[in-house]
Amino acid sequence: MKKFLMSMLVLLIVVSATCFAVACKQPSQVSEPAHRHSFTNYVFNNDAKCGVDGTKTATCSCGETNTKTASGTALSHSFTNYVFNNDAKCDVDGTKTATCDNGCGTKKTVVAYGTAVHHAFINYVYDEEITCGRNRTKTAVCEKGCGATETVRVMGTMVEHSFTKYVLDGEKLVATCDNGCGETKEAPVVKENSTTVGKDLAIKDKTVPADVETFEDAMAWVNTLDDNGNKKKNVKIKCEIGGVEKNGILLDSDVKLTEDVIIDVWANASTLNINIIGDVTIDLNGYNIIQKTYQGLSVSLFTVRDGATLNIIDTSIEQDGGIYVGFSAFQIDEGATLNLYSGTVGVSSERSTADVENGCQPVFVYGGTFNMYGGAIETVEHQYESWSSCMGNSYGTGGDVYLYGGKLNGYIDATVFDVFVNNGAKINGTVIK
């Protein structure tokens, strides 16, 4: 208990001494309260960037500053000054690019609508050679480098097939189109119901005795003697074509020779000529038709009438058949056509006993059309070229001659009809006027 009281006494003495010491101090020696910063008026620093908030700063009365983020002040990009990139393509718009107006360096590229350019097709090149049956096409590549192409069809470039070079293929004459399209065409061939031997050809629409039934009969009939043993004169065989009486006989079916046919008649019976009507093909088949004539003869062996077509072919391997006459093998009337594919047509004094002084014209164009695809036409020399020509027409009725191939050995009197030389036809010793 005593110890407790002593302790409390000591504590009282210490406290009293301290209070006395403080109370006795001078007023100038008393401490003031501590300063606290005050930041209230913040000012924006204008340092916001695109996508990044700026800052704001306040200054304390003591001069101390405080800076902090100014939330919500971040800028958005601004793109206003677009520049075209000159990258437009054919049918594709180009682009334009702007740099952010806020100086952040960000760029933005957008489509520049309406800047697409048009193709430029200038240098067209034909896609193929001449085409048969359709117009050709040509293609150009765009000059602007886009790789686009344009193909157009050129009107007026279509051609028809051209068959001029016939060659023997088995038993047929076949030509491949000259234009390179690969199409082939066969020359006409004799039909199955054709006459196999020319001199056995039946005479139709005749004005001769009833027993004269064939061509061979007619030759015998016109070559008989009269009661005085003289050659008959003015013996004529006639037929009717289109209501008009004509000299000679009618032929409207095909003929394929199996032997030579010799036609031997007197000069005054020279009307034993053959009128072609319809579409007729004669296959020489390596044999000859020989017309033996005498002085005074001036008639063609075959007359191709208006609307008719006569095809001369030779399907033998050697193709050495021929038609030999003393004056003229063919007369081609207006509206008629003669096609020579192979074989020889000519004048031979040895074969036909022709009177050369009379001259000759194996092909006599009388307003019709003659197409020569092959074979040969031969004539004899004569002091008057126009009367010893491969072909001619002294009546001035015109006509057309197309020379696609074959050989002409002699002169051409082309003063009264048109001659067209095509595909390198060989014309030996010939003068074309």
Side-chain angles (χ1 to χ4, degrees), residues 128-134 136 158-198 251-261 276 278-289 302 304 308-323 329-330 332 336-346 362-363 368-378 390-391 400-409 419-428:
E128 53 191 346
E129 298 300 322
I130 296 175
T131 52
C132 298
R134 67 180 186 277
R136 300 172 68 185
M158 178 179 68
V159 297
E160 300 297 331
H161 292 301
S162 174
F163 301 102
T164 61
K165 300 177 179 64
Y166 286 85
V167 296
L168 190 64
D169 182 7
E171 296 182 354
K172 298 179 180 180
L173 292 170
V174 180
T176 302
C177 182
D178 304 318
N179 299 327
C181 71
E183 191 77 12
T184 60
K185 179 181 180 181
E186 295 180 1
V189 296
V190 295
K191 303 178 184 65
E192 293 183 358
N193 60 349
S194 63
T195 302
T196 56
V197 181
L251 177 58
D252 61 358
S253 61
D254 296 345
V255 174
K256 184 172 184 177
L257 301 184
T258 57
E259 59 180 300
D260 288 345
V261 176
I276 303 298
D279 190 349
V280 174
T281 297
I282 296 178
D283 185 355
L284 300 174
N285 194 30
Y287 297 98
N288 302 309
I289 299 176
F302 293 95
V304 189
T309 297
L310 175 59
N311 305 301
I312 303 299
I313 64 174
D314 185 345
T315 58
S316 66
I317 296 177
E318 295 81 6
Q319 294 186 309
D320 55 356
I323 299 175
F330 303 102
I332 313 169
T337 301
L338 171 64
N339 298 314
L340 177 60
Y341 293 95
S342 55
T344 299
V345 178
V363 178
T369 299
F370 173 47
N371 297 310
M372 185 173 181
Y373 299 104
I377 298 179
E378 300 176 348
C390 289
M391 60 193 74
D400 296 325
V401 174
Y402 294 89
L403 305 179
Y404 299 107
K407 295 182 179 181
L408 300 179
N409 297 317
V419 176
F420 306 90
V421 180
N422 298 325
N423 299 327
K426 297 179 180 179
I427 305 173
N428 300 331

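As a basis for the values below, the full set of heavy atoms in this structure was taken, side chains included, without hydrogen atoms, waters or symmetry mates. Sequential numbering from 1 along the given sequence is applied to the chain's residues. Keep in mind that this is a model prediction, so the values were computed, not measured.
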Enquirer: Rounded to the nearest 0.5 Å, what separates atom CD1 in I377 from atom CG in L403?
Expert: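 CG of L403 is found 8.0 Å from CD1 of I377.
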Enquirer: Under the ring-ring contact (aromatic ring centres under 6.0 Å, His included) rule, collect the residues that match up with Y287, sequence neighbours excluded.
Expert: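 Once residues adjacent in sequence are excluded, Y287 has no partner under the ring-ring contact (aromatic ring centres under 6.0 Å, His included) criterion.
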Enquirer: Can you give me the closest heavy-atom contact between C177 and C132, atom names plus distance?
Expert: SG-SG, 3.5 Å
Enquirer: Which distance, rounded to the nearest 0.5 Å, do you find between the CG of L310 and the CG of D254?
Expert: 9.5 Å
Enquirer: Drop me the distance from S162's OG to K185's NZ, to the nearest 0.5 angstrom.
Expert: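 Between S162 OG and K185 NZ, I get 9.5 Å after rounding to 0.5 Å.
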Enquirer: Taking ring-ring contact (aromatic ring centres under 6.0 Å, His included) as the test, write out the residues that go with F302, two or more places apart.
Expert: F330
Enquirer: For N339 and N311, work out which heavy atoms get closest and say how close.
Expert: ND2-OD1, 2.9 Å
Enquirer: Measure across D260 and N288 and return the closest heavy-atom pair with its distance rounded to 0.1 Å.
Expert: OD1-N, 2.8 Å
Enquirer: Calculate, to the nearest 0.5 Å, the distance between atoms CD1 and CD1 belonging to I289 and I323 respectively.
Expert: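 The CD1 atom of I323 is 4.5 Å from CD1 of I289, to the nearest 0.5 Å.
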Enquirer: As a quick check of understanding, evaluate side chain to side chain contact (heavy atoms under 4.5 Å, CB included) for V190 and V255, giving each step before the final call.
Expert: CA-CA 7 Å; V190 295; V255 174; 5.9 Å; no
Enquirer: Would you call the rings of H161 and F163 parallel, tilted or perpendicular, taking 30° and 60° as the class edges?
Expert: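 Aromatic pair H161/F163 classed tilted.
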Enquirer: Return the CG to NZ distance between D283 and K172, rounded to the nearest 0.5 Å.
Expert: 12.5 Å
Enquirer: Side chains of T309 and V304: does their closest heavy-atom pair fall under 4.5 Å?
Expert: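 Side-chain contact under 4.5 Å: no.
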Enquirer: Nearest 0.5 Å, what's the CD1-OG1 distance between I312 and T344?
Expert: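 Between atom CD1 of I312 and atom OG1 of T344 there are 12.0 Å.
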Enquirer: Tell me the closest heavy-atom pair linking T281 and P188, and the distance in Å.
Expert: OG1-CB, 3.3 Å
Enquirer: Look at the rings of Y341 and Y166 and say which category their plane angle falls in: under 30° parallel, 30 to 60° tilted, over 60° perpendicular.
Expert: perpendicular
Enquirer: Provide the closest heavy-atom pair for L340 versus V345 in the form atom of the first, atom of the second, distance.
Expert: CD1-CG2, 4.2 Å
Enquirer: Just checking, any donor-acceptor pair under 3.5 angstrom between side chains of S342 and D314?
Expert: no
Enquirer: Quick one: closest heavy-atom pair of M372 and K407, and the distance?
Expert: CE-O, 3.2 Å
Enquirer: Output, in order, the C-alpha distance, side-chain angles, deciding distance and verdict of side chain to side chain contact (heavy atoms under 4.5 Å, CB included) for I332 and V363.
Expert: CA-CA 8 Å; I332 313 169; V363 178; 4.0 Å; yes
